[in-house]
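Read through the structure below, which is laid out as structure tokens, and then see the notes.
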Amino acid sequence: MWLLPALLLLLLPGSAAVITGPEEVRGPEQGSLTVQCRYVPGWEPYVKYWCRGTYFRNCRILVRTSGSEQEVKKDRVSIRDNQTSLTFTVTMEKLRPEDAGTYWCGTEKNESDLGVPVNVTIGQGSAAVITGPEEASGPARGSLTVQCRYVPRWEPYVKYWCRGAHFSNCRFLVRTSRSEQEVKKDRVSIRDNQTSRTFTVTMEKLRREDADTYWCGIEKSGYDHGIPVKVAIFPAATTVSTTPTTTMSTVPVTTEASTSSPTVSGLHPEGRSLLSSVHFLLLVFLKVPLFLSMLGAVLWVNRPQGCSVGGGRAHSENQ
Ligand SMILES: *[C@@H]1O[C@H](CO)[C@@H](O)[C@H](O)[C@H]1NC(C)=O
């Protein structure tokens, strides 16, 4: 049965990380920020450093320790290694907008370097600039509307709507040209109302495959602001909406009561059935094959000698 833990280990991402740090840190303009990176025991006496660049292999070192606990300060950046708490702390002061970018907590041991990326952002967080619905949904072949609000000062900036799990590489669908004019592209439109500081996105002729993560974004120098909006598409009603009880024939509900309730109540069961169908698809196409292949692998490995060895061990354990 050693195979199952081995398989599970293979499925897990690299758990043997030497350094760990925060994915993102934020500091205010002209203020300071602090980053703490941890390392595993055994790495105490080695050099620790803080460097900047998209890629670790050619990032520019800003400060580095010499493997000691002494603080090292250079320009607006300092680093201090605490070998008791297995942590080194980097402080950046008098922050400027152009300090935003990718940095790395790094350590050097026998010429081989290890590092973890830390995204540094300067200024207000996106959540403090844009607010919008966490989720939006619409019926297949129908349409949906999403409204995102923003705080003062952002009126004259480009607003956009993009699609993808990650904001950093989401795909633009529509963007405004800093004006209040509606922009329409394909089945999606956007309009910025700078008086109410709201931009409205409308998606039409919805299809099931439109379901995804989208972003309300504001373009600016450095990193754009963006907040995620989960879009769900529920099936278009196949029957007239005044008879939502037909699918629930086992429940003796008075039809008068159900028809008098608004159609919105009829939408909820459909949303749930969409969810359960997603679960069903996951079960059929992912979980079951995965389980079967693992089971198959276990049986295959145990097969040639398995009968005698396994049987023998079972006997000795019983006695
Ligand atoms: C190092 O960390 C330990 C444990 O957290 C703490 O007690 C100690 O004061 C720290 N040393 C320095 C120099 O900050």
Side-chain angles (χ1 to χ4, degrees), residues 5-130 134 165-168 220-228:
L7 271 174
L8 282 177
L9 265 183
L10 276 179
L11 292 175
L12 287 173
S15 49
V18 170
I19 310 190
T20 48
E23 263 176 47
E24 188 175 343
V25 287
R26 181 184 306 281
E29 221 175 306
Q30 283 152 33
S32 67
L33 63 79
T34 296
V35 183
Q36 286 209 320
C37 288
R38 294 183 60 82
Y39 51 89
V40 295
W43 290 77
E44 293 90 338
Y46 298 100
V47 167
K48 318 289 183 324
Y49 59 85
W50 178 244
C51 71
R52 178 173 191 173
T54 308
Y55 303 105
F56 183 54
R57 64 186 141 76
N58 57 8
C59 65
R60 191 164 49 85
I61 293 180
L62 301 175
V63 274
R64 71 201 283 272
T65 68
S66 52
S68 79
E69 292 192 295
Q70 208 118 47
E71 183 184 72
V72 178
K73 194 172 160 126
K74 227 172 131 182
D75 205 16
R76 300 177 290 125
V77 192
S78 67
I79 189 168
R80 184 198 285 272
D81 189 7
N82 186 331
Q83 298 175 0
T84 313
S85 59
L86 302 175
T87 304
F88 62 98
T89 305
V90 174
T91 305
M92 294 174 67
E93 293 173 345
K94 302 190 191 91
L95 293 168
R96 307 166 184 159
E98 61 267 29
D99 289 332
T102 306
Y103 292 74
W104 300 79
C105 280
T107 182
E108 183 188 311
K109 179 183 182 181
N110 308 331
E111 315 261 305
S112 70
D113 289 46
L114 292 164
V116 284
V118 179
N119 215 332
V120 168
T121 48
I122 308 296
Q124 285 174 301
S126 293
V129 174
I130 319 179
E134 271 174 41
H166 303 286
F167 185 51
S168 54
K220 69 176 181 74
S221 63
Y223 286 93
D224 289 0
H225 284 307
I227 55 155

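Whatever order the structure lists them in is the order used to number ligands and atoms, beginning at 1. Starting from 1, each residue takes its place in the sequence as its number.
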Self-check item: ring pair (Phe, Tyr, Trp, His ring centres under 6.0 Å): pairs with one or both residues in residues 66-88, sequence neighbours excluded
Solution: none
Quiz item: If you look only at pairs with a residue in residues 95-118, which of them pass as a ring pair (Phe, Tyr, Trp, His ring centres under 6.0 Å), with sequence neighbours excluded?
Solution: Trp50-Tyr103, Phe56-Trp104
Quiz item: So which protein heavy atom does atom 12 (C) of ligand 1 come closest to, and at what separation?
Solution: Asn82 ND2, 3.4 Å
Practice problem: May I ask you to identify the nearest protein heavy atom to atom 4 (C) of ligand 1, giving residue, atom name and distance to one decimal place in Å? | Solution: Ser85 CB, 4.0 Å
Quiz item: Would atom 7 (O) of ligand 1 count as contacted, meaning some protein heavy atom under 4.0 Å?
Solution: no
Quiz item: Are side-chain heavy atoms of Thr89 and Asn82 found at a separation under 4.5 Å?
Solution: no
Quiz item: Counting only heavy atoms not in Lys73, do more than 12 fall under 6.0 Å of its NZ?
Solution: yes
